[in-house]
Amino acid sequence: MDLILSFVADHLSWLWRGGRFQITDSRADRSNGGDGLLVVESEGLRIRFTCDRRQLMADVQPVQDPGDWYSIDLLRRLWTGRPESSALLDASYARFLQLHLDEIEDLLAGEGWPAARARLRELRVQRSKELFG
């Protein structure tokens, strides 16, 4: 959990400006050097940060459709059209979120969500094929 909190403090503190995001869930575990989970949410967007075996990941979902989670690499791939080299959370993903947060929230919480969801699911399948054949 310490790794998540350090990363959020170093790269994502802007999430709390203006009271936009709130922490809605957190869990900590001592196994594997401190696995953990932190969920933050705004009116339209939910972001889940996880630490598993000292690897940080982030996933998103719209608040109004709490089914599937979509990893940050798929979200950025949706934006850029290019596959990412890693799904591990790093400073470049934090910057991507900061630069595009309004657009991301509009897409995931707005009328474009059904089409975006379909495309994210396609990208997930495509990524699996690229990784595993």
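The model shown is predicted, which means the values in this text are computed figures rather than measured ones.
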W79 side chain near L107 side chain, heavy-atom distance below 4.5 Å
yes
Is there a side-chain contact between H100 and L75 (heavy atoms, below 4.5 Å)?
no
Are any of the side-chain heavy atoms of M57 and S71 separated by less than 4.5 Å?
no
From CA spacing to verdict: side-chain contact (heavy atoms from CB on, under 4.5 Å), F49, V40:
CA-CA 8 Å; F49 301 100; V40 301; 3.9 Å; yes
Identify the heavy atoms of E105 and G44 that sit nearest to each other, and give their distance.
OE2-N, 3.2 Å
Nearest heavy atoms of S26 and L38, plus distance in Å:
CB-CD1, 4.1 Å
Taking side chain to side chain donor-acceptor pair (under 3.5 Å) as the definition, give me every residue that meets it alongside R77, ordered by chain and number, with sequence neighbours left out.
E130
Side chains of E43 and V63: closer than 4.5 Å at any heavy-atom pair?
no
Is W69 reachable from L56 through a run of I, L, V, M, F, W or Y residues, each pair having side-chain heavy atoms under 4.5 Å apart?
no
Is there a chain of hydrophobic side chains (I, L, V, M, F, W, Y, each step under 4.5 Å between heavy atoms) that links I23 to F7?
yes
When rounded to the nearest 0.5 Å, the distance separating CG of L97 from CZ of R76 is 9.0 Å
Examine L37 and M1 and state if one hydrophobic cluster contains both, with Ile, Leu, Val, Met, Phe, Trp and Tyr joined whenever side-chain heavy atoms are less than 4.5 Å apart.
no
Between L89 and I4, is there a side-chain heavy-atom distance shorter than 4.5 Å?
no
Under the salt bridge (Lys or Arg N to Asp or Glu O under 4.0 Å) test against D59, which residue among R124, R46, R48 passes?
R48
Electrostatic pair D25-R27, nearest N-O below 4.0 angstrom
yes
For the CZ atom of R119 and the CG atom of L78, what is their distance to the nearest 0.5 Å?
7.0 Å
Determine whether F96 and T80 make a side-chain contact, defined as any pair of heavy atoms from C-beta on separated by less than 4.5 Å.
no
So, does Q61 use its side chain to make a donor-acceptor pair with the main chain of D68 at under 3.5 Å?
yes
Check for a donor-acceptor pair, side chain of D73 on one end and backbone N or O of L88 on the other, with a separation under 3.5 Å.
no
Are the side chains of W113 and L120 in touch, meaning some heavy atoms are under 4.5 Å apart?
yes
Verify same cluster id: V39, L3 (apolar side-chain graph, 4.5 Å)
no
Contact between F21 and I47 at the side-chain level, heavy atoms closer than 4.5 Å - yes or no?
yes
Please indicate whether Q64 has more than 12 foreign heavy atoms, meaning atoms of other residues, nucleotides or ligands, lying under 6.0 Å from its CD.
yes
Would the distance check show the side chain of D90 and the main-chain N or O of Y93 forming a donor-acceptor pair, the cut-off being under 3.5 Å?
yes
Residues 9-19 side chain polar contacts: donor-acceptor under 3.5 Å, at least two apart:
residue: W14; atom: NE1; partner: H11; partner atom: O; Å: 2.9

